[in-house]
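Reviewing the structure listed below.
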Amino acid sequence: KPVTMNAFELISMSQGLNLSNLFEK
Amino acid sequence: MGCFGSKCLKEPPGYENPAILAAETAFSVSEVEALYELFKKISSSVIDDGLIHKEEFQLALFRNSKRENLFADRVFDLFDVKRNGVIEFGEFVRSLSVFHPNSSFEDKVNFAFKLYDLRQTGFIEREEVEQMIVAILSESEMEVAAEVIEAILDKTFSEADTNMDGRIDHQEWTAYVLKNPSLMKIMTLPYLKDVTTCFPSFVFNSEVEDAS
């Protein structure tokens with residue numbers, strides 16, 4: 001199967017990069 | 001400059017004047033004051049000393065102060081510009097400013113490069129990208145064959161590492177994200193355009209007359 005996703009797309013899915021959580025009440 | 005009344009007493013170490021921070025960042029004075037409400041909340045969640053410790057950062061991100069995460073660690077380290085193990089208010093505002101919708105694409109690209117350059121060598125190396133992929137896969141409890149990880153790395157480096165030296169330099173990174181702008185989505189927080197609404201209580205502590 002050909003790989004369609006690049007590494008950084010995958011990495012950007014990390015919860016640790018989701019800083020919007022800082023603003024959740 | 002003088003220090004009148006009790007104002008200075010309640011300001012913790014690392015506190016900076018909102019007007020100065022606003023002048024240096026994408027935020028208005030009111031927005032900096034609203035961010036101070038958020039900062040106070042996060043920085044008092046475990047140790048009430050007016051500084052954000054790593055545990056407090058993890059707690060704010062994950063609702064769990066013990067949850068370790070490679071990327072949260074990297075973000076914390078980049079916010080901690082003085083490298084003294086805590087995030088001060090000025091560091092918090094200046095770093096968050098990069099994530100403001102109005103901040104420059106260049107600032108976002110530079111921050112992301114530093115984030116992914118785990119070993120701070122000035123290059124994003126294949127081993128670093130592999131380490132990050134392994135971390136994200138283990139975080140999501142996905143089991144992926146080593147060959148698939150290799151294929152993802154091959155694809156990424158064949159696209160990004162245009163001089164084929166096995167690592168991505170700053171120029172290659174910039175060219176790569178210009179071709180793949182969706183990679184910069186995580187570098188913009190729409191909330192930051194709306195912080196005064198998220199933290200309306202800043203008006204009670206505001207030092208500026210026009211806090212609207």
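Letters go in sequence order (proteins before strands), and every chain restarts at 1.
- Within the 4.5 angstrom heavy-atom criterion, no atom of B:Leu59 approaches chain A.
- The side-chain heavy atoms of B:Phe79 and A:Leu19, taken from C-beta on, include a pair separated by under 4.5 Å.
- Taken to the nearest 0.5 Å, the CG atom of B:Leu189 stands 5.5 Å off from the CZ atom of A:Phe23.
- Interface remark: of the candidates A:Met13, A:Gln15, A:Glu9, A:Gln15 forms the most heavy-atom pairs closer than 4.5 Å to chain B.
- Interatomic distance, B:Ile186 CD1 to A:Ser12 OG, rounded to the nearest 0.5 Å: 5.5 Å.
- In this structure, chain A has a heavy atom under 4.5 Å from the side chain of B:Leu115, while its backbone stays farther away.
- The nearest pair of heavy atoms linking A:Asn18 to B:Leu61 is O-CD2, 3.6 Å.
- Remark: B:Glu68 CD is loosely packed, at most 12 non-hydrogen atoms of other residues, nucleotides or ligands lying under 6.0 Å away.
- Only the side chain of B:Phe99 has a heavy atom closer than 4.5 Å to any heavy atom of chain A.
- When each of B:Ile133, B:Val177, B:Asn180, B:Ile124 is tested with A:Phe8 by the rule side-chain contact (heavy atoms from CB on, under 4.5 Å), just one qualifies, namely B:Ile124.
- Between A:Leu10 and the choices B:Ile149, B:Val144, B:Val129, B:Ile136, the side-chain contact (heavy atoms from CB on, under 4.5 Å) rule is met once, by B:Ile136.
- For the options B:Gln58, B:Glu139, B:Arg74, B:Met132, heavy-atom pairs under 4.5 Å to chain A are most numerous at B:Glu139.
- In terms of heavy-atom proximity, B:Phe62 sits nearest to A:Gly16 at CZ-CA, 3.7 Å.
- In this structure, chain A has a heavy atom under 4.5 Å from the side chain of B:Ile168, while its backbone stays farther away.
- Remark: B:Lys114 NZ is loosely packed, at most 12 non-hydrogen atoms of other residues, nucleotides or ligands lying under 6.0 Å away.
- When every heavy atom of A:Leu22 is checked against every heavy atom of B:Ala60, the shortest pair comes out as CD2-CB, 3.6 Å.
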Apply the test side chain to side chain contact (heavy atoms under 4.5 Å, CB included) to residues A:Asn6 and B:Ile152: give CA-CA distance (whole Å), side-chain angles for both, the deciding distance (0.1 Å), then the verdict.
CA-CA 6 Å; A:Asn6 74 52; B:Ile152 294 171; 5.8 Å; no
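- The backbone N or O of A:Ala7 lies less than 3.5 Å from a partner atom in the side chain of B:Thr156, making a donor-acceptor pair.
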